[in-house]
Amino acid sequence: MSTRHSAKVRGGAAAAAAVVLAITVAGCGAGSDDKPKTTQDSSSTNSQGDAPKSQAPSGTPKSTPTEVLATVNGEAGMTLTINRMARDAGGFLTVEGQLKNTGTAPYVNTAPWRGNELNSSGVSVAGVTLVDKVGKKRYYVLRDTDGRCLCTTGLAIIEAGQSVPFFAQFPAPPASTAELEMSLPTFATATVKISG
């Protein structure tokens with residue numbers, strides 16, 4: 001009797017395992033049917049309205065500030081627009097804006113912007129400085145532990161009509177300082193109010 005009973009239990013366990021396996025396979029099969037539908041839906045969205053493609057560039061306008069604190073002209077039709085100069089947590093001052101080549105030359109050489117200071121940043125805007133005329137102090141772009149500037153890098157060439165983001169981070173001046181003179185080689189000097 002115990003042999004028959006154990007045989008029934010084994011048979012029952014095998015049947016239960018078969019049911020679980022069938023449910024699992026059916027579940028996996030349903031999941032695999034959903035994947036092509038999802039893929040088809042996203043590709044049809046691409047062909048109909050290019051929604052994913054248009055969403056990627058939409059991050060760019062969001063990051064492009066609209067407030068203009070200062071605009072300065074440089075050589076060969078270059079323009080620098082400053083949109084933000086604000087104190088950040090940790091004792092930093094961040095300057096953000098846009099560089100635009102409004103000239104007719106095919107490209108502008110940006111090598112002078114890295115400044116004369118020895119640096120590991122390559123072609124960059126590491127030559128930008130801030131001057132506190134009241135406090136009689138000059139501020140240079142901050143560097144990381146490898147000597148690279150905390151600023152826009154990789155600006156070997158800016159083609160005609162091209163606009164690129166500008167970023168540089170400095171030590172923050174005292175809280176009493178309300179404005180600074182900003183200088184980037186080949187550009188005019190701009191007086192910019194600190195916005196925060």
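Atoms considered below: every heavy atom in the structure, side chains included; atoms not considered: hydrogens, waters and symmetry mates. None of the values given here were measured: they were computed from a predicted structure.
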S.K.: Quick one: does Gln169's side chain get under 4.5 Å of Asp88's, heavy atoms only?
M.R.: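 Yes, close enough: below the 4.5 Å cut-off.
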
S.K.: In terms of hydrophobic clustering (I, L, V, M, F, W, Y; side-chain heavy atoms under 4.5 Å; direct or indirect links), are Val164 and Val72 co-clustered?
M.R.: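 Per the 4.5 Å side-chain linkage, Val164 and Val72 are co-clustered.
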
S.K.: So, does Ser163 use its side chain to make a donor-acceptor pair with the main chain of Lys100 at under 3.5 Å?
M.R.: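 A pair under 3.5 Å: no.
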
S.K.: Pair up each side-chain donor or acceptor in residues 181-192 with any protein partner under 3.5 Å, not counting sequence neighbours, and list the distances.
M.R.:
unit_1: Glu181; atom_1: OE2; unit_2: Lys133; atom_2: NZ; d: 3.4
unit_1: Ser183; atom_1: OG; unit_2: Thr189; atom_2: OG1; d: 3.2
unit_1: Thr186; atom_1: OG1; unit_2: Trp113; atom_2: NE1; d: 3.0

S.K.: Any idea which heavy atoms bring Glu67 and Asn83 closest together, and the distance?
M.R.: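 Heavy-atom minimum between the residues: O-ND2, 2.7 Å.
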
S.K.: First locate atom CZ of Arg148, then atom OG1 of Thr153, and finally report the distance between them rounded to the nearest 0.5 Å.
M.R.: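 Arg148 CZ to Thr153 OG1: 9.0 Å, rounded to 0.5 Å.
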
S.K.: Which heavy atom in Leu180 sits nearest to a heavy atom in Met85, and how many Å separate them?
M.R.: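 Taking Leu180 first and Met85 second, the nearest heavy atoms are CD1-SD, 4.1 Å.
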
S.K.: Report yes if some heavy atom in the side chain of Thr71 is under 4.5 Å from a heavy atom in the side chain of Ile82; otherwise report no.
M.R.: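 Answer no - side chains too far apart.
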
S.K.: Could you state the interatomic distance from SG (Cys149) to CG (Leu142), rounded to the nearest 0.5 Å?
M.R.: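 Here the rounded value is 10.0 Å.
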
S.K.: Go through the steps for Thr81 and Gln98 under the test side chain to side chain donor-acceptor pair (under 3.5 Å), then give the verdict.
M.R.: CA-CA 5 Å; Thr81 303; Gln98 297 285 317; over 6 Å; no

S.K.: Of the non-hydrogen atoms in Pro174 and Tyr139, which two are nearest, and what is the gap between them?
M.R.: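 In this case the closest contact between Pro174 and Tyr139 is CD-OH, 3.5 Å.
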
S.K.: Any chance you could measure Thr177, atom OG1, to Arg87, atom CZ, to the nearest 0.5 Å?
M.R.: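 If I round to the nearest 0.5 Å, the distance is 6.0 Å.
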
S.K.: Taking all heavy atoms of Val141 and all of Ala168, pick out the closest pair and write down the distance.
M.R.: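 Taking every non-hydrogen atom into account, CG2-CB, 4.3 Å.
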
S.K.: If I take atom OG1 from residue Thr94 and atom CG from residue Leu150, how far apart are they, to the nearest 0.5 angstrom?
M.R.: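 The CG atom of Leu150 is 9.0 Å from OG1 of Thr94, to the nearest 0.5 Å.
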
S.K.: How would you list all residue pairs meeting ring pair (Phe, Tyr, Trp, His ring centres under 6.0 Å) that involve residues 154-173, not counting sequence neighbours?
M.R.: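 Those involving residues 154-173 do not exist here.
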
S.K.: For the residue pair Leu93 and Pro173, establish whether any side-chain heavy-atom pair is separated by less than 4.5 Å.
M.R.: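 In short, these two side chains touch, coming nearer than 4.5 Å.
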
S.K.: If I compare all heavy atoms of Cys151 with all of Ala126, which pair ends up nearest, and what's the gap?
M.R.: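 Closest heavy-atom pair between Cys151 and Ala126: SG-N, 3.7 Å.
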
S.K.: Quick one: CD on Gln162 to CD1 on Ile157, what's the gap to the nearest 0.5 Å?
M.R.: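 The distance works out to 9.5 Å.
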
S.K.: Nearest 0.5 Å please: distance from the CD atom of Glu179 over to the CD1 atom of Ile194.
M.R.: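 Going from CD on Glu179 over to CD1 on Ile194, the span is 8.5 Å.
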
S.K.: Whether the side chain of Asn101 engages the backbone of Met78 through a donor-acceptor N/O pair (distance < 3.5 Å, no angle test) should be reported.
M.R.: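 Not at all, since once roles are kept as given, no pair shorter than 3.5 Å links the two residues.
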
S.K.: Is there a side chain to side chain donor-acceptor pair (under 3.5 Å) between Thr129 and Arg138 once you walk through the steps?
M.R.: CA-CA 7 Å; Thr129 59; Arg138 181 181 299 270; 3.2 Å; yes

